[in-house]
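By convention in this document, chain letters (A, B, ...) are assigned in the order of the sequence lines, proteins followed by strands, and residues within each chain are numbered from 1.
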Number of protein chains: 2
Amino acid sequence: MKQITKYIIRNDLKRLFTYRLCLIGFKRKGFDRVYSYNLGEEAGVTAEQVRKDFSVFKIKGNKKGGYKINDLLRSIEEIFKYQHNQHVILVGMGNIGRALVQYKRFILRKMIIVASFDIDPSKQSKRFGIPVLPMDMMSEIINKFHVKVAILAVPEISAQDAANKLVDKGITGILNFAPVILKVPDEIIVNNINLCDELESVIYYTQKVM
Amino acid sequence: MKQITKYIIRNDLKRLFTYRLCLIGFKRKGFDRVYSYNLGEEAGVTAEQVRKDFSVFKIKGNKKGGYKINDLLRSIEEIFKYQHNQHVILVGMGNIGRALVQYKRFILRKMIIVASFDIDPSKQSKRFGIPVLPMDMMSEIINKFHVKVAILAVPEISAQDAANKLVDKGITGILNFAPVILKVPDEIIVNNINLCDELESVIYYTQKVM
DNA sequence: TATATTTTGTGATTTGTTTCACATTATATT
DNA sequence: AATATAATGTGAAACAAATCACAAAATATA
Ligand SMILES: NC(=O)c1ccc[n+]([C@@H]2O[C@H](COP(=O)([O-])OP(=O)(O)OC[C@H]3O[C@@H](n4cnc5c(N)ncnc54)[C@H](O)[C@@H]3O)[C@@H](O)[C@H]2O)c1
Ligand SMILES: NC(=O)c1ccc[n+]([C@@H]2O[C@H](COP(=O)([O-])OP(=O)(O)OC[C@H]3O[C@@H](n4cnc5c(N)ncnc54)[C@H](O)[C@@H]3O)[C@@H](O)[C@H]2O)c1
């Protein structure tokens with residue numbers, strides 16, 4: 001029911017992700033400490049915002065000494081449960097699905113697409129490094145790898161149907177690329193990615209803001 | 001400087017996009033009028049929120065009669081300047097770039113990828129329906145099609161460099177898929193898409209919310 | 001035509017988020 | 001060791017967003 005507000009990434013989480021990106025950048029440049037204003041400047045927020053965010057997540061720095069980058073990164077990773085790999089499945093090996101299963105950064109962040117599924121038998125091969133399986137093998141894989149999260153990359157017309165199957169088989173989180181408002185039980189997390197909207201909003205802002 | 005807050009889609013815009021999606025759904029189901037509570041329920045927000053949003057964007061309904069779906073859609077399209085096609089270029093014909101140039105929904109929404117660019121000569125062909133060109137033809141295309149917005153889909157390491165080129169040639173808005181905080185002049189709009197973050201936040205919520 | 005009903009539209013109020021301001025503390029300096 | 005400096009951490013204040021509450025208007029009903 002509370003789709004939009006419930007499912008989008010909260011702004012504070014989004015900033016946390018950005019801080020991590022900045023920290024990795026600083027680290028690569030040879031720094032091992034940062035102050036809140038360094039991070040703020042890099043991430044495009046105020047230093048107070050940075051400290052407040054850390055305060056909310058109980059991340060502590062060192063007065064006068066700032067934050068040790070490695071400690072910060074570890075604290076942030078702690079929040080996102082980085083200890084163990086997260087198994088994920090993908091449904092729909094079309095244009096976007098193929099790109100996603102080949103995206104190495106998911107693995108770097110310990111998110112493993114263990115298998116993908118497609119109704120089209122011609123897509124069912126091992127060409128992509130991971131198995132592409134028929135839909136009726138989904139339960140087996142979900143149970144075997146304890147999968148809780150799925151990436152949904154099927155055509156709009158099939159999206160609700162595929163989502164039903166996923167929920168049915170025990171999936172509790174969906175990253176949905178189809179521009180469709182999925183009807184799912186309240187406890188299921190849906191994060192809708194709508195790239196048309198994203199591109200369009202860039203166009204909107206370029207025309208309005210300047 | 002104010003990267004994060006400035007560049008993300010404002011929540012009210014995001015909701016407007018969602019309303020449109022819902023309206024298209026209602027229309028397909030045969031409705032021609034909706035009330036704020038229909039839209040609210042479908043989009044996952046309160047009816048008051050729907051009316052307030054419309055109020056902000058000066059969209060008027062009919063007391064007791066609700067909103068005519070076609071009028072609403074037209075009003076929303078008005079906000080996003082749907083009259084004429086928007087020309088866009090894409091840089092980086094890798095996995096994600098290839099998926100995007102073949103995405104038909106951009107065209108439905110009148111956003112036309114007029115050409116794409118890659119440093120790798122082997123990618124420069126017409127296999128994808130649009131020309132894939134060498135980088136030194138960028139200025140020509142940007143000027144010819146009055147392009148203001150670019151999709152950036154190059155490796156992280158090249159992203160800043162490619163962004164510099166784009167800004168240099170007159171691009172004012174970038175949809176950036178590389179997980180990199182781009183350093184661009186203040187007036188340039190950057191919308192960062194970070195699919196790792198998006199997937200990770202689904203995992204986060206499935207573990208925390210329930 | 002008068003009255004009841006339903007829904008919009010929007011100020012007023014509440015709730016949530018960001019910024020401010022400063023006490024606190026770690027480090028540097030004398 | 002005492003003092004100055006520079007940073008964090010966090011309540012309080014300011015600001016922004018969402019909800020409430022109800023007047024206004026359109027339609028339906030009697
Ligand atoms: N291509 C893009 O760049 C892009 C961008 C954003 C969003 N999307 C969205 O992602 C989705 C997929 O887009 P695409 O371009 O990859 O489409 P596509 O047609 O290339 O691929 C869809 C795949 O899903 C499979 N499929 C269809 N019905 C299925 C079902 N019920 N169960 C399992 N598999 C099924 C098809 O066999 C096909 O392989 C669409 O909803 C689209 O709007 C695509
Ligand atoms: N593959 C995905 O699903 C995915 C998902 C999210 C984000 N991304 C991001 O998108 C970007 C591209 O990812 P990919 O998987 O498509 O990579 P890729 O390696 O498949 O493709 C990158 C393409 O960019 C070209 N290129 C490299 N340097 C260039 C330059 N300076 N100018 C122009 N072209 C250049 C390469 O020749 C190649 O064709 C990366 O930053 C990645 O992190 C990818």
Side-chain angles (χ1 to χ4, degrees), chain A residues 1-19 22-23 26 31-76 79 209, chain B residues 1-19 22-23 26 31-76 79 209:
Chain A
M1 196 63 81
K2 281 210 90 219
Q3 286 226 21
I4 296 184
T5 35
K6 178 175 157 198
Y7 298 156
I8 56 166
I9 307 183
R10 291 195 326 253
N11 285 340
D12 56 349
L13 268 201
K14 181 126 190 156
R15 286 198 302 269
L16 223 48
F17 286 129
T18 306
Y19 299 151
C22 297
L23 287 167
F26 281 129
F31 295 98
D32 69 329
R33 307 190 140 273
V34 278
Y35 302 122
S36 54
Y37 55 83
N38 301 134
L39 252 184
E41 176 149 357
E42 188 74 6
V45 297
T46 63
E48 295 79 12
Q49 181 76 77
V50 173
R51 296 203 299 278
K52 192 64 140 189
D53 284 336
F54 288 169
S55 164
V56 167
F57 286 104
K58 305 266 182 292
I59 295 174
K60 300 280 172 195
N62 184 311
K63 293 194 184 188
K64 177 103 186 205
Y67 304 85
K68 269 209 84 185
I69 289 178
N70 281 334
D71 290 357
L72 260 187
L73 282 170
R74 212 170 304 117
S75 299
I76 292 175
I79 292 166
V209 174
Chain B
M1 196 64 81
K2 282 210 91 219
Q3 285 225 24
I4 296 185
T5 35
K6 177 175 156 197
Y7 297 156
I8 56 165
I9 306 182
R10 289 195 328 251
N11 285 339
D12 56 348
L13 267 201
K14 180 127 190 154
R15 285 198 301 271
L16 222 49
F17 286 130
T18 306
Y19 298 151
C22 297
L23 288 167
F26 281 129
F31 294 98
D32 70 330
R33 308 190 139 272
V34 279
Y35 303 121
S36 54
Y37 55 84
N38 301 134
L39 252 184
E41 176 149 355
E42 188 74 6
V45 296
T46 63
E48 295 80 10
Q49 181 75 77
V50 173
R51 297 203 298 277
K52 192 64 141 188
D53 284 336
F54 289 169
S55 163
V56 166
F57 285 105
K58 306 266 182 294
I59 295 174
K60 300 281 173 194
N62 184 311
K63 296 193 181 185
K64 176 102 185 203
Y67 304 86
K68 271 209 81 183
I69 290 178
N70 282 334
D71 290 356
L72 260 187
L73 282 171
R74 212 169 305 118
S75 298
I76 292 175
I79 291 166
V209 174

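Atoms OH and CG, on A:Tyr67 and A:Asn38 in that order, are 11.0 Å from each other to the nearest 0.5 Å. Atom NZ of B:Lys68 sits about 11.5 Å away from atom CG of B:Leu73, to the nearest 0.5 Å. Atom CG of A:Leu39 is separated from atom CG of A:Leu23 by 4.5 Å, given to the nearest 0.5 angstrom. The line from CD of A:Glu41 to OG1 of A:Thr46 is 12.0 Å long, rounded to the nearest 0.5 Å.
Within the 4.0 angstrom heavy-atom criterion, only backbone atoms of the sugar-phosphate kind lie near B:Tyr37; the bases stay farther away. Across all strands shown, B:Tyr67 has heavy atoms under 4.0 Å from sugar-phosphate atoms exclusively, and none from any base.
Protein atom CG of A:Asn11 is 21 Å distant from nucleotide atom P of C:dT15, rounded to whole Å. Here C:dT8 presents its P atom at 18 Å from NZ of B:Lys58, a figure rounded to the nearest Å. Separating the NZ atom of B:Lys14 from the C1' atom of D:dA17 is a distance of 17 Å, rounded to the nearest angstrom. We find that CZ of B:Arg15 is positioned 8 Å from C1' of D:dA17, with the value rounded to whole Å. What separates CD1 of B:Ile59 from P of C:dT7 is a distance of 20 Å, to the nearest Å. When rounded to the nearest whole Å, the span between CZ of A:Phe54 and P of D:dG9 equals 9 Å. The distance between atom CG of A:Asn38 and atom C1' of D:dT8, rounded to the nearest whole Å, is 13 Å. A:Asp53 places its CG atom 13 Å from the P atom of D:dG9, with the value rounded to the nearest Å.
Listed by first and then second residue, the side-chain hydrogen bond (donor to acceptor under 3.5 Å, both in side chains) pairs that reach into residues 50-60 of chain B are B:Arg15-B:Asp53, B:Tyr19-B:Asp53, B:Ser36-B:Arg51, B:Gln49-B:Asp53, sequence neighbours excluded.
Partners of A:Phe57 under the side chain to side chain contact (heavy atoms under 4.5 Å, CB included) rule, at least two apart in sequence or in another chain, are A:Arg10, A:Asp12, A:Leu13, A:Leu16, A:Ile59, A:Ile79, B:Tyr204. By the salt bridge (Lys or Arg N to Asp or Glu O under 4.0 Å) test, A:Arg74 is found to be paired with A:Asp71, residues two or more places apart in sequence or in another chain being considered. Remark: B:Asn62 pairs with no residue by the side chain to side chain donor-acceptor pair (under 3.5 Å) rule, at least two apart or across chains.
Residue A:Gln49 has no polar side-chain atom (N or O) positioned under 4.0 Å from OP1 or OP2 of C:dT17. Of the side-chain N and O atoms in A:Tyr35, none sit less than 4.0 angstrom from OP1 or OP2 of C:dA26.
Across the helix from C:dT1-D:dA30 to C:dT30-D:dA1, the helix axis at one end is tilted relative to the axis at the other end by 0° (nearest 10 degrees, each axis from five pairs).
Looking at every heavy atom in both residues, A:Lys64 comes nearest to A:Tyr35 through O-CE2, 3.6 Å.
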Scoring nucleotides 20-30 of chain D by protein non-hydrogen atoms under 4.0 Å (B base, S sugar-phosphate only, - none) yields BB--BBBB---
